[in-house]
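Note that this is a predicted model, so its numbers are computed, not measured.
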Amino acid sequence: AIILTTNPLFILVSLLGMLVTTIGNVISTKKGYQRDMAFTKVDRGLNYLRRIFFLPNYVKDMRKTNLFAVLKEKYTRQTEEKSRLITEYYPPILAIAVSSSWLYHFTNIGVCSLLLVREVLRKSLSIGDLTAMVRVIDQLSNQILQISNVVPQFIQHSLYIDNYMEIIRYQSALKNTGKNIVIDAAEAKEIVLEHVSFRYPALNHDAITDISLKIGKKQKVAIVGENGAGKTTLIKMIMRLYDPMGGGHVYMNGTEYCDIDLESLYRSIAVVDQDYQSYALTIKENIALAN
């Protein structure tokens with residue numbers, strides 16, 4: 001109200017300063033997002049290497065082999081890469097932040113002060129009026145600055161929310177008819193594979209081709225083959241980590257996998273991998289992985 005009664009032009013100048021600041025903050029925010037995305041891969045690598053250095057599982061390998069030297073060299077390369085990224089991203093972010101801040105203060109305080117001094121020289125304002133107006137314009141500018149900072153925050157949050165929503169909206173590639181038939185693990189009687197084939201992406205040949213197999217309750221079956229013959233792929237098919245390609249089908253108790261509730265199917269199958277993980281839990285908990 002005070003500014004409007006004196007000179008409404010000052011409000012337009014303050015809005016112009018807000019516009020300059022908002023544009024600078026938006027550019028800086030997007031650049032900061034690009035920096036975070038670039039840092040993510042390097043930081044994951046560095047965190048993994050740090051874990052290897054302090055976990056007891058790797059102590060013997062470090063003593064017996066050249067593991068320490070290899071990891072140290074890799075850690076140095078990762079650190080140098082992060083240093084390069086810092087050099088690439090931080091100077092422009094800092095330049096944008098500093099320049100937008102200076103432009104904001106020049107526009108809101110400098111331009112308005114020049115206009116006020118001109119009015120004093122014209123004797124339209126007294127020195128006391130000038131002092132009061134500078135204070136009022138400064139308060140208005142600070143309030144507008146807070147508003148201008150909110151817009152880039154919305155943009156920044158939306159960029160990260162996009163990544164989050166991409167995960168939330170992810171649809172499994174496993175086929176599901178929507179029937180979600182629940183299988184009781186205690187009643188699992190047989191697993192049947194009919195003409196099952198599977199090919200990994202980017203390969204020009206099948207990992208397994210036209211496999212038919214029936215496994216009954218309490219029956220013992222050994223799957224034997226050379227490295228790369230498809231034994232693990234076949235097991236993953238039985239576990240339903242993959243779906244068969246080319247019209248093959250997998251059944252449990254006569255119900256096709258795509259009709260079965262996935263969680264109940266997983267509860268009906270237990271697997272001990274050759275590259276199993278052991279956890280800092282009791283022996284019972286490690287074996288059963290149950291409550």
Side-chain angles (χ1 to χ4, degrees), residues 22-49 51 78 81-82 85 88-89 92-93 96 147-185 188 191 193 196-204 206-208 230 232-253 255-271 273 275-277 279 289-291:
T22 301
I23 294 172
N25 286 342
V26 168
I27 296 172
S28 179
T29 294
K30 291 183 176 179
K31 197 71 177 176
Y33 173 78
Q34 295 171 359
R35 173 205 62 201
D36 291 345
M37 294 299 101
F39 278 17
T40 297
K41 184 176 181 180
V42 176
D43 286 338
R44 284 175 179 167
L46 288 171
N47 290 336
Y48 174 72
L49 292 171
R51 286 201 307 274
Q78 293 285 85
E81 173 63 14
K82 185 163 186 179
L85 291 173
E88 177 183 348
Y89 282 99
I93 291 174
I96 293 168
I147 297 173
S148 68
N149 286 335
V150 170
V151 176
Q153 288 178 13
F154 280 134
I155 295 173
Q156 182 184 38
H157 294 163
S158 70
L159 291 171
Y160 292 102
I161 288 171
D162 283 343
N163 293 338
Y164 172 73
M165 294 307 298
E166 183 179 352
I167 299 298
I168 295 300
R169 293 175 183 148
Y170 173 78
Q171 297 294 322
S172 172
L174 296 175
K175 300 172 186 174
N176 190 333
T177 61
K179 294 181 180 179
N180 294 325
I181 298 172
V182 176
I183 295 290
D184 188 346
I191 295 174
L193 288 77
V196 167
S197 300
F198 186 81
R199 178 179 297 188
Y200 290 98
L203 292 183
N204 56 7
D206 290 343
I208 56 174
T232 301
T233 302
L234 184 61
I235 295 300
K236 289 182 177 180
M237 198 75 66
I238 294 173
M239 295 164 58
R240 218 205 164 187
L241 296 179
Y242 303 150
D243 271 337
M245 298 177 175
H249 303 277
V250 185
Y251 301 88
M252 177 178 282
N253 292 358
T255 303
E256 192 168 0
Y257 268 18
C258 59
D259 293 330
I260 299 175
D261 175 72
L262 199 57
E263 292 299 323
S264 71
L265 179 65
Y266 288 159
R267 287 195 297 268
S268 303
I269 301 174
V271 178
D273 291 305
D275 53 347
Y276 67 89
Q277 297 290 336
Y279 302 94
L289 287 181
N291 294 332

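The shortest non-hydrogen separation linking Leu241 to Leu174 is O-CD2, 3.9 Å. The two residues Ile93 and Ser28 have their closest heavy-atom pair at CG2-OG, 3.7 Å. When every heavy atom of His249 is checked against every heavy atom of Glu256, the shortest pair comes out as ND1-OE2, 2.5 Å.
Using modelled atom types, one side-chain atom of Tyr257 and one backbone atom of Ile238 make a donor-acceptor pair closer than 3.5 Å. No donor-acceptor distance shorter than 3.5 angstrom exists from the side chain of Asp206 to the backbone of Ser197, with no hydrogens or angles considered. With Ser158 contributing its side chain and Ile155 its backbone, the two residues share a donor-acceptor pair below 3.5 Å.
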### Message
Using the rule given for side-chain contact (heavy atoms from CB on, under 4.5 Å), can you reason through Tyr160 versus Met37, listing the C-alpha separation, both sets of side-chain angles and the distance that settles it, and then say yes or no?
### Response
CA-CA 10 Å; Tyr160 292 102; Met37 294 299 101; 4.2 Å; yes
### Query
side-chain contact (heavy atoms from CB on, under 4.5 Å) between Arg240 and Val250: does it pass, once the steps are laid out?
CA-CA 9 Å; Arg240 218 205 164 187; Val250 185; over 6 Å; no
side-chain contact (heavy atoms from CB on, under 4.5 Å) evaluation trace for Val26 with Lys30: CA-CA 6 Å; Val26 168; Lys30 291 183 176 179; 4.1 Å; yes
Show, in sequence, the C-alpha distance, side-chain angles and deciding distance for Met252 and Ile269, and conclude whether the side-chain contact (heavy atoms from CB on, under 4.5 Å) test is met. CA-CA 11 Å; Met252 177 178 282; Ile269 301 174; 4.1 Å; yes
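Counting heavy atoms of neighbouring residues, nucleotides and ligands inside a 6.0 Å radius, atom OH of Tyr200 exceeds 12 of them.
Taken to the nearest 0.5 Å, the CG atom of Asp36 stands 9.0 Å off from the CG atom of Asp43. Summarising the geometry, atom NZ belonging to Lys41 is positioned 15.0 Å from atom NZ belonging to Lys82; distances are rounded to the nearest 0.5 Å. Residue Arg44 holds its CZ atom at 12.5 Å from CD of Gln78, rounded to the nearest 0.5 Å. Within the model, atoms CD of Gln156 and CD1 of Ile161 stand 10.5 Å from one another, a figure rounded to the nearest 0.5 Å. We find the CG-CG distance between Leu265 and Asp259 to be 11.5 Å, quoted to the nearest 0.5 Å. Considering CE of Met239 and OG of Ser268, their distance stands at 13.0 Å, rounded to 0.5 Å.
For the side chain to side chain contact (heavy atoms under 4.5 Å, CB included) with Ile208, the lone residue among Thr232, Val196, Leu193 that qualifies is Val196.
Between Tyr242 and Phe198, the two ring planes are parallel [angle under 30°; tilted spans 30° to 60°].
Residues that satisfy the side-chain contact (heavy atoms from CB on, under 4.5 Å) test with Gln153, not counting sequence neighbours, are His157. Checked against salt bridge (Lys or Arg N to Asp or Glu O under 4.0 Å), Arg35 has no partners two or more places apart in sequence or in another chain.
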With a 3.5 Å cut-off and sequence neighbours excluded, list the donor-acceptor pairs that the side chains of residues 178-185 form with protein atoms.
residue	atom	partner	partner atom	Å
Asn180	OD1	Asn176	ND2	3.4
Asp184	OD1	Ala186	N	3.1

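A donor and an acceptor atom, one from each side chain of Tyr33 and Asp162, are nowhere located under 3.5 Å apart.
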